[in-house]
Amino acid sequence: IVEADFLAMTKGDNEIINIGRGIETSDFEVFDTVRQAIGREIEPKYEAKRKGEIDHIALCADKARETLGWEPKVSLRDGIAAAAAFYRKKLGKA
């Protein structure tokens, strides 16, 4: 995403461009991936759906590919694992 931000500063014409993988990912999948990356046995807390909340979404990055020459290079799992490792090191828990 950072790479896409840098590319957007020099390419395009102040356009709105989705940055995503084009793969629908559930809230639970994100939660579970973070839970595994931090090595914690915690359970999700479910709340009632909020008004206007989107049920399903997958951002298409075709325009980013065409306009910026960008495409995702890191999987969700690898990106979350890298972020968890960064924060463990930053907090002295590596």
Side-chain angles (χ1 to χ4, degrees):
I1 292 174
V2 173
E3 179 187 35
D5 288 342
F6 278 111
L7 289 168
M9 288 189 261
T10 59
K11 297 181 178 184
D13 189 25
N14 293 321
E15 302 167 71
I16 295 172
I17 300 174
N18 288 331
I19 303 300
R21 301 180 309 145
I23 302 169
E24 188 175 309
T25 306
S26 70
D27 294 343
F28 181 78
E29 184 179 350
V30 174
F31 173 85
D32 190 49
T33 304
V34 171
R35 173 173 59 180
Q36 289 177 34
I38 64 173
R40 299 280 308 271
E41 291 296 325
I42 53 178
E43 294 303 316
K45 179 180 176 184
Y46 295 98
E47 298 288 339
K49 183 178 172 182
R50 295 174 290 192
K51 182 180 179 181
E53 194 166 353
I54 297 171
D55 287 327
H56 303 278
I57 189 168
L59 296 178
C60 175
D62 289 348
K63 188 173 180 181
R65 188 176 298 106
E66 295 163 5
T67 305
L68 306 177
W70 178 88
E71 58 185 58
K73 295 176 182 69
V74 179
S75 70
L76 175 70
R77 185 166 306 282
D78 290 346
I80 288 175
F86 171 83
Y87 284 105
R88 270 194 299 275
K89 184 175 181 181
K90 184 176 177 85
L91 296 171
K93 297 180 180 188

(message) Tell me every residue that passes side chain to side chain donor-acceptor pair (under 3.5 Å) with Lys90, counting only those two or more places apart in sequence or in another chain.
(response) none
(message) To the closest 0.5 Å, what do you measure between CG (Asp27) and CG (Asp32)?
(response) 12.5 Å
(request) Mind checking the CD1-SG spacing from Ile19 to Cys60? Nearest 0.5 Å is all I need. (result) 11.0 Å
(request) Sequence neighbours left out, what passes side chain to side chain donor-acceptor pair (under 3.5 Å) with Thr25? Give chain and number order. (result) Arg21
(request) Applying salt bridge (Lys or Arg N to Asp or Glu O under 4.0 Å), name anything that partners Lys51, two or more places apart in sequence or on another chain. (result) none
(request) Kindly give the heavy-atom pair with the smallest separation between Leu68 and Ala8, and that separation in Å. (result) CD2-CA, 3.8 Å
(message) Please find the pair of heavy atoms, one from Ala58 and one from Glu24, that lie closest to each other, and give the distance.
(response) CB-N, 3.5 Å
(message) Using side-chain heavy atoms (C-beta onward) and a distance below 4.5 Å, is Lys45 in contact with Phe31?
(response) no
(message) Please give me the minimum heavy-atom distance between Trp70 and Ile1, naming the atom from each residue.
(response) CZ2-N, 4.4 Å
(request) Please answer whether the main-chain N or O of Leu7 pairs with a side-chain N or O of Thr10 as donor and acceptor at a distance below 3.5 Å. (result) yes
(message) Quick check on Phe28: does its CZ atom have over 12 non-hydrogen neighbours (other residues, nucleotides or ligands) under 6.0 Å away?
(response) yes
(request) Would you please name every residue forming a salt bridge (Lys or Arg N to Asp or Glu O under 4.0 Å) with Lys63, sequence neighbours left out? (result) Glu15
(request) Can you see which heavy atom on Ile38 is nearest to which on Ala84, and at what distance? (result) CG2-CB, 4.2 Å
(request) Locate the shortest heavy-atom distance separating Glu29 from Leu76; write the atom from each residue and the value. (result) OE2-CD2, 4.1 Å
(request) Determine which pairs satisfy salt bridge (Lys or Arg N to Asp or Glu O under 4.0 Å) with at least one residue from residues 67-76, sequence neighbours left out, and list them in order. (result) Glu3-Lys73, Arg65-Glu71
(message) According to side-chain hydrogen bond (donor to acceptor under 3.5 Å, both in side chains), does anything in residues 75-86 pair up with another residue at least two apart or in another chain? List the pairs.
(response) Gln36-Arg77, Ser75-Asp78
(request) Return the minimal non-hydrogen interatomic distance between Gly20 and Pro72, and the atom names on each side. (result) O-CG, 3.7 Å
(request) State yes or no: do Ile54 and Leu59 share one hydrophobic cluster built from I, L, V, M, F, W and Y residues joined by side-chain heavy-atom distances below 4.5 Å, directly or via other members? (result) yes
(message) Is there a path of hydrophobic side-chain contacts, each under 4.5 Å between heavy atoms, that joins Ile42 and Tyr46?
(response) yes
